[in-house]
Amino acid sequence: QVQLVESGGGLVQAGGSLRLSCVASGRTFSMYAMGWFRQAPGKERDFVAGISRSGGNTFYADSMKGRFTISRDNAKNTGYLQMTSLKPEDTAVYYCAAKNTYLLSSFYITNSSTEYAYWGQGTQVTVSS
């Protein structure tokens, strides 16, 4: 098992930036692909970005391309989501998630929430207009 803890959320004005962190513990972080999802009030949980366990492959939801950057540092057991040019519609609780891809390609990533077995508790991001 792996435990995930997000941090870095907060209140920011439109056009601002935030960097979210996701610290993993319990198992070897480099065995897991990682994803970021978000959920706004009254809405479903949506995929934001994903990164393979090697860090060599990334994938973004269309509305995040060019504004968000996902990365990871396996030596620090930490994943990141750098968010820039934030908009009020980015307001949501952001979750990191992990999927064990040890038996899969090191470049494997997925945007399907059902494939991620491990989730953090979430961090609130609020963007004011």
Inset, instruction - Could you check if a side-chain atom of Gln124 sits within less than 4.5 angstrom of a side-chain atom of Thr91, using non-hydrogen atoms only? - result: yes

Legend entry - Nearest non-hydrogen partners of Gln39 and Ala92, listed with the distance: O-CB, 3.4 Å

Inset, instruction - Please confirm whether the backbone N or O of Arg19 pairs with a side-chain atom of Gln82, one donor and one acceptor, at under 3.5 Å? - result: no

Inset, instruction - Report whether Trp36 and Tyr60 are members of the same hydrophobic cluster (ILVMFWY, side-chain heavy atoms less than 4.5 Å apart, transitive linking). - result: yes

Legend entry - Non-hydrogen side-chain atoms of Ile70 and Met34 separated by less than 4.5 Å: yes

Legend entry - Main-chain N/O of Asn100 paired with Tyr118 side-chain donor or acceptor, under 3.5 Å: no

Inset, instruction - Say whether Tyr80 and Phe68 are linked into one hydrophobic cluster, either directly or through other cluster members, by side-chain heavy-atom distances under 4.5 angstrom. - result: no

Inset, instruction - State, yes or no, whether a side-chain contact exists between Leu4 and Tyr95 at a heavy-atom distance under 4.5 Å. - result: no

Inset, instruction - Looking only at non-hydrogen atoms, find the nearest pair between Tyr116 and Ala33 and report the distance. - result: CE2-O, 4.1 Å

Inset, instruction - Quick one: closest heavy-atom pair of Thr78 and Ser21, and the distance? - result: CG2-CB, 4.3 Å

Legend entry - Under 3.5 Å: donor-acceptor pair, side chain of Ser106, backbone of Ser54: no

Legend entry - N/O donor-acceptor pair under 3.5 Å between Thr123 side chain and Tyr94 backbone: no

Legend entry - Contact check, side chains of Ile51 and Tyr32, non-hydrogen atoms, under 4.5 Å: no

Legend entry - Linked, directly or transitively: Tyr108 and Leu103 (ILVMFWY side chains, under 4.5 Å): no

Legend entry - From Asp90, Thr69, Val125, Val12, residue fulfilling side chain to side chain contact (heavy atoms under 4.5 Å, CB included) relative to Met83: Val125

Legend entry - Nearest-0.5 Å distance that lies between atom CD in Gln3 and atom CD in Gln121: 12.0 Å

Inset, instruction - Decide whether Met64 and Ile109 are clustered together by the hydrophobic rule: side chain heavy atoms of Ile, Leu, Val, Met, Phe, Trp, Tyr closer than 4.5 Å, transitively. - result: no

Legend entry - Arg67 side chain to Ser85 backbone, donor-acceptor under 3.5 Å: yes

Inset, instruction - Could you tell me the separation between the CG atom of Leu104 and the CD atom of Glu115, rounded to the nearest 0.5 Å? - result: 8.5 Å

Inset, instruction - Quick one: sort the Phe37 and Trp119 rings into parallel, tilted or perpendicular, breaks at 30° and 60°. - result: tilted

Legend entry - Atom pair CG (Leu18) and OG1 (Thr84), whose distance is rounded to the nearest 0.5 Å: 10.5 Å

Legend entry - Validation row: Arg53, Ser30 side chains within 4.5 angstrom (heavy atoms): no

Legend entry - Student check: side-chain heavy atoms of Phe29 and Arg72 closer than 4.5 Å: yes

Legend entry - For Val2 against Ala98, the heavy-atom pair lying closest together: CG1-CB, 4.1 Å

Inset, instruction - For residues Ala61 and Phe47, report the shortest heavy-atom separation together with the two atoms involved. - result: CB-O, 3.4 Å

Inset, instruction - Decide whether Ser112 and Thr110 meet the rule of one side-chain donor and one side-chain acceptor closer than 3.5 Å. - result: no

